[in-house]
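Notes follow the structure.
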Amino acid sequence: MKIWAKRLLIFGTALGVFISWMFLDSMLAEKVRKEASHAFARSCENCVLEIESVSIPLFNPGRIVFHKLHFTQGVRGRSDVEGSIPKVVTNLSILSLLRREFILKKVLIDSPVITYTDGELPRTPSSVSKKEAPASDSKWLYELNHFALTNGLFTYRRVLHQKTSELKLHHISLGFKPFGSTYGLQKSQIEMSSKFQLENSGEIRLNVTAPVKQKEQLKLDMEVWIKNQNLEDLNVFFKQNDGVVLTGRMIEGHGKVQVRGVHGLAKVKAEYEDFNAKLINTAEQGDLEVFFTNLGIALTTHKRNVKQPKREQMGEYEVDRQEGESIVHFMLIALKQAALEVATN
């Protein structure tokens, strides 16, 4: 056989292998796309995930990139989450699958836009028992080693008496410490840390810890640090939602919220400048209540602002979670009330 014929044969064989590999790679990517959507739908009630495409590098099959994701969860009008993510990069340990372990070495998410809405329709009572999933003969273990989210936008939206109030978290960066069910991480807890800007000002750090396996009663701890927060920025939410109008600035604040079942305890230590608060009439607050509350706030805040404009104080607020109340609203209101205790005492 002539040399040019041998070269042509080698080239044709290589080309055939390459085309076959690309075809299999495309089939695998489509399979992963569909399975990811189905797995998300099975993970929770009323969950939908749409993925435009998936890419798996030719010589690095553990690296899976999801493009243009859109997901929804919940029931519109009651409680729902909707989000869009341009790209999610994951790095999966292929060998761990042979041991029936799903180990994610890395998950990177950039520029997600997520909206959580608390609606007015009644939620399913928490006492209603859920059907247990059928037991599996072969239990898979899981592990997450590195998770990083950058440049996120989160909107908390609450609908009350057919009126909507929103609170936005900008420039979110978020990470998790390793957790999972594999050997060595079985007793670990979920530890999340985050930084963001609340509305148009301030610097906020947030830490949340919770057991990997929750028992019958919810257990969750949150700690937040706030600097240079313009309180007027928060009126877009609290004016409509709680009938409170705030002015002034929180120079520095440190808050903790401890949730045990339906009970929550919030503690806040804060330093304010030129603080003032005023109640306005809402469906829950009548004229007489608003008048006397505003009178008390005016007396306490005027005295403090004149004599000790930057005084640091402690405040506590205990509350039980209402039936069907979302955990986001529960913790937000607990923190707000504790902060008002600080500012007006």
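Quantities reported herein were computed from a predicted structural model and do not represent experimental measurements. This chain uses plain numbering: 1 for the first residue, then up along the sequence.
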* Should Ile85 and Leu108 be counted in the same cluster of Ile, Leu, Val, Met, Phe, Trp and Tyr side chains packed under 4.5 Å apart? -> no
* To do: State the CD-OG1 distance between Gln258 and Thr209, to the nearest 0.5 angstrom.
  => 9.5 Å
* To do: Find out whether Leu167 and Thr155 are in side-chain contact, i.e. whether some heavy atom of one side chain is under 4.5 Å from a heavy atom of the other.
  => no
* **pair Val208-Leu220: side-chain heavy atoms closer than 4.5 Å** => yes
* To do: First locate atom NZ of Lys177, then atom CD of Gln189, and finally report the distance between them rounded to the nearest 0.5 Å.
  => 9.0 Å
* Applying salt bridge (charged side-chain N to carboxylate O under 4.0 Å, His left out), run through Arg249 and Glu273 and close with a yes or a no. => CA-CA 5 Å; Arg249 184 167 66 99; Glu273 185 175 63; 2.9 Å; yes
* Does a side chain donor of either Glu223 or His254 reach within less than 3.5 Å of an acceptor in the other side chain? -> yes
* Check: Tyr142 main-chain N/O paired with Ser181 side-chain donor or acceptor under 3.5 Å -> yes
* Backbone N/O of Lys168 and side chain of Glu199: donor-acceptor pair under 3.5 Å -> yes
* Asked: Ignoring hydrogens and geometry, is there a side-chain-to-backbone donor-acceptor pair from Ser201 to Asn230 under 3.5 Å?
  -> yes
* First locate atom CD of Glu52, then atom CZ of Phe66, and finally report the distance between them rounded to the nearest 0.5 Å. => 14.0 Å
* For Ser193 and Asn207, run side-chain hydrogen bond (donor to acceptor under 3.5 Å, both in side chains): C-alpha distance rounded to whole Å, both residues' side-chain angles, the deciding distance at 0.1 Å, then the answer. => CA-CA 4 Å; Ser193 59; Asn207 288 351; 4.7 Å; no
* **Asn145 side chain vs Lys106 backbone, donor-acceptor pair below 3.5 Å** => no
* Asked: Is Leu92 reachable from Ile103 through a run of I, L, V, M, F, W or Y residues, each pair having side-chain heavy atoms under 4.5 Å apart?
  -> no
* Please answer: with hydrophobic residues joined when any side-chain heavy atoms are less than 4.5 Å apart, are Val81 and Leu69 in the same cluster? => yes
* Asked: Can we call the ring centroids of Phe237 and Tyr156 under 6.0 Å apart?
  -> yes
* Pairwise side-chain contact, His171 with Asn151, heavy-atom cut-off 4.5 Å (strictly under) -> yes
* Structure fact -> Closest non-hydrogen contact found for Glu203 with Asn228 is OE2-ND2, 4.5 Å
* Structure fact -> Shortest non-hydrogen pair, Ile172 vs Ser194, comes out as CG2-OG, 3.7 Å
* Donor-acceptor side-chain pairing of Glu82 and His70 below 3.5 angstrom -> yes
* To do: Take Val259 and Val257, measure what side-chain contact (heavy atoms from CB on, under 4.5 Å) needs, and give me the verdict at the end.
  => CA-CA 6 Å; Val259 178; Val257 180; 4.1 Å; yes
* Ser37 side-chain N/O to Leu49 backbone N/O, donor-acceptor pair under 3.5 Å -> yes
* Just do the side-chain contact (heavy atoms from CB on, under 4.5 Å) check on Glu166 and Val236 with the steps written out, would you? => CA-CA 6 Å; Glu166 293 185 347; Val236 293; over 6 Å; no
* For residues Val107 and Ile109, determine if any side-chain heavy atom of one lies less than 4.5 Å from a side-chain heavy atom of the other. => yes
* Between CG of Leu246 and CG of Asn235, what distance do you get to the nearest 0.5 Å? -> 5.0 Å
* Are Phe154 and Leu206 connected, step by step, through hydrophobic side chains (Ile, Leu, Val, Met, Phe, Trp, Tyr) whose heavy atoms are closer than 4.5 Å? -> yes
* **Minimum heavy-atom distance Val159-Thr117, with the two atoms named** => CG2-CG2, 4.3 Å
* Asked: Does the side-chain contact (heavy atoms from CB on, under 4.5 Å) test come out yes or no for Ile204 and Trp225, once each step is laid out?
  -> CA-CA 6 Å; Ile204 298 182; Trp225 295 263; over 6 Å; no
* To do: Before giving the answer on side-chain contact (heavy atoms from CB on, under 4.5 Å), spell out for Val65 and Val88 the whole-Å C-alpha distance, their side-chain angles and the decisive distance to 0.1 Å.
  => CA-CA 6 Å; Val65 183; Val88 176; over 6 Å; no
* Would you say the side chain of Asp274 lies within less than 4.5 Å of the side chain of Thr247, judging by non-hydrogen atoms? -> no
* **Ser53 OG to His67 NE2 distance, which is reported to the nearest 0.5 Å** => 4.5 Å
* To do: State plainly whether one hydrophobic cluster holds both Leu141 and Phe147, where clusters connect Ile, Leu, Val, Met, Phe, Trp and Tyr through side-chain heavy atoms under 4.5 angstrom apart.
  => no
* **Donor-acceptor contact below 3.5 Å, side chain Ser84 vs main chain Val113** => no
* Structure fact -> Closest heavy-atom pair, Tyr272 versus Met250, reported as atoms and distance to 0.1 Å, is OH-CE, 3.4 Å
* **Expected output: side-chain Arg33 to main-chain Ile51 donor-acceptor under 3.5 Å** => yes
* **Approximate separation, where rounding is to 0.5 Å, of Arg158 CZ and Asp118 CG** => 5.5 Å
* Heavy-atom closest contact (Val48 atom, Phe40 atom, distance) -> O-CE2, 3.5 Å
* 4.5 Å side-chain heavy-atom contact, Val224 and Arg205 -> no
* Asked: Hey, are the side chains of Leu174 and Met192 touching, using non-hydrogen atoms and a 4.5 Å cut-off?
  -> yes
* For the student: nearest non-hydrogen atoms of Gly202 and Gln197, plus distance -> O-CG, 3.7 Å
* Asked: Does the side chain of Gln229 reach to within under 4.5 Å of the side chain of Leu198, using non-hydrogen atoms?
  -> yes
